[in-house]
Amino acid sequence: MAVRLRWTLAGAGLTAAALTVVVALTAGGRTVTTAAVTEPPAPAPSSSSPPPSTSESPATAPEVPLPDPAEVAEEVTDAVSAASKGTDVGLVVLDRKTGATLASTDADTPYYTASVVKLLIALDSLYDNGVWQVPADNDEDDLTDMISGSNDAIASQLWEEDGGTTIVGRMADLMGLDHTVAPTDPGQWGMTKMSPDDVVTTYQYLEDTVPDDTAQPLLTAMAEARQPADDGYPQYFGIPDGLPGSSWQIKQGWMILRSALVLNTTGVVDSRYVVVLLTQQPAATSSAKGRAAVTAGVKALAPTLAAATAD
């Protein structure tokens, strides 16, 4: 028996060589092909296989840095001065969420508080021998009138009953107020001086340290500041008129001296920003012009607050 082997390669166009083996057996003059084995070509890549990724991660928008606090303060000061020339401006704006100071000028300089000192009077009335008290109904009504309506008669009564200038000393020691000065005339609580930074510290203390059931009546009264105040003065200058659409808890101050017109706007805006803008304007300035100047200063803050909120 003879065995003949034949090797062939598959034609062009196959992705892999095909090997054909033909085994021919010759027996008795007859040729019998016993088998033909062909190795199939390698399969083409599946069409369902995902193509190589060529996408790139989307670019992250660069963070826009907030303006320098000194530059913001300059813009505020310029806005106030443009409306009321010769005004002294003390300003601090604190972002309670991040702890960042967004604007600052004359932060440690004491300014006359006018009715802003009523915050110290109210807190002192609720602090007894190291223990915070929850105001009784009658007391809460008085505190609400003193804060929301900026009622002077109630402030004078509490000032006299609780020790006058010693109130300022006790609260300064309690809260660590480094640039707060009691009035030289013990009967003139509005002549108390506080720096913008000390007013910010007072708001921080009220928000974060005073127990909620003690602080809440005061915060509610500040959120419901009446317009006008109990003495008829239009107290919606500064924060309320300068930041329309914002929520706020405010304590305003106004006072006419022989040497200056004192107009202050202070408060917590949108439950996040402590804004303190204290001004001493020339004595000849009308109250309407002075209020417009403070409002213009607060309006100059609006872009910075919006940028911080969006950040």
- Considering non-hydrogen atoms only, spot the tightest contact between P196 and G90 and give its length. CG-C, 3.6 Å
- Steps toward side chain to side chain donor-acceptor pair (under 3.5 Å) verdict (Q281, S84): CA-CA 7 Å; Q281 305 188 35; S84 179; 2.8 Å; yes
- Is the closest side-chain heavy-atom distance between T209 and Q204 below 4.5 Å? no
- Message: ring pair (Phe, Tyr, Trp, His ring centres under 6.0 Å), that's the test. Do Y112 and W254 meet it? Break it down for me.
- Response: CA-CA 9 Å; Y112 287 120; W254 55 92; over 10 Å; no
- Task: Output the distance between atom OH (Y127) and atom CZ (R170), rounded to the nearest 0.5 Å.
- Result: 11.0 Å
- Task: Identify whether L94 and M175 are in the same connected component of the hydrophobic contact network (ILVMFWY, side-chain heavy atoms under 4.5 Å).
- Result: yes
- Query: Are any of the side-chain heavy atoms of S125 and D139 separated by less than 4.5 Å?
  - Reply: no
- Straight-line distance of L123 CG to L218 CG, nearest 0.5 Å: 6.0 Å
- Where do L102 and A308 come nearest, in terms of heavy atoms and distance? CD1-CB, 4.1 Å
- Quick one: do the Y111 and S195 side chains pair a donor with an acceptor below 3.5 Å? no
- What's the spacing between Y273 OH and L305 CG if we round to 0.5 Å? 6.0 Å
- The single option from V181, T165, V117, V116 passing side-chain contact (heavy atoms from CB on, under 4.5 Å) against T192: V117
- The residue among Q235, Q252, K118 that forms side chain to side chain donor-acceptor pair (under 3.5 Å) with S150 is K118
- Query: Considering all heavy atoms of both residues, which atom of V72 and which atom of A103 are nearest to each other, and what is their separation?
  - Reply: CG1-CB, 3.7 Å
- Item | Min side-chain heavy-atom separation Y233-R291 under 4.5 Å | yes
- Query: Tell me, do W132 and D213 make a side-chain contact under 4.5 Å, heavy atoms counted?
  - Reply: no
- Got D162 and I121 here, is their nearest side-chain heavy-atom distance under 4.5 Å? no
- So with a 6.0 Å cut-off around CG of L257, is the heavy-atom count from everything else above 12? yes
- Note on the structure: Result for side chain to side chain donor-acceptor pair (under 3.5 Å) between N151 and one of T144, D145, D230 points to D230
- Shortest non-hydrogen contact from V134 to T214? N-OG1, 4.1 Å
- Are the side chains of I250 and M222 in touch, meaning some heavy atoms are under 4.5 Å apart? no
- Short N-O contact, D208 and R96, less than 4.0 angstrom: yes
- Is L119 linked to M255 within one hydrophobic cluster, defined over Ile, Leu, Val, Met, Phe, Trp and Tyr using a side-chain heavy-atom separation of less than 4.5 Å? no
- Which atom pair, heavy atoms only, marks the closest approach of A223 to Q249? CB-CG, 3.8 Å
- Item | Within 6.0 angstrom of Q216 CD, more than 12 heavy atoms from elsewhere | yes
- Roughly how far apart are D178 CG and D198 CG, rounded to 0.5 Å? 6.0 Å
- Query: Got a second to check how far T105's OG1 is from L278's CG, nearest 0.5 Å?
  - Reply: 11.5 Å
- Message: Closer than 4.0 angstrom, basic N to acidic O: yes or no for D270 and K97?
- Response: no
- All heavy atoms of S246 vs all of V269, minimum pair found to be CB-CG1, 3.9 Å
- Message: Using 0.5 Å steps for rounding, measure from the CD atom of E140 to the CD1 atom of I147.
- Response: 12.0 Å
- Query: Taking atom CG of D212 as the centre, does the number of heavy atoms from other residues, nucleotides or ligands within less than 6.0 Å exceed 12?
  - Reply: no
- Query: Would you say T279's side chain and L263's backbone share a donor-acceptor pair under 3.5 angstrom?
  - Reply: yes
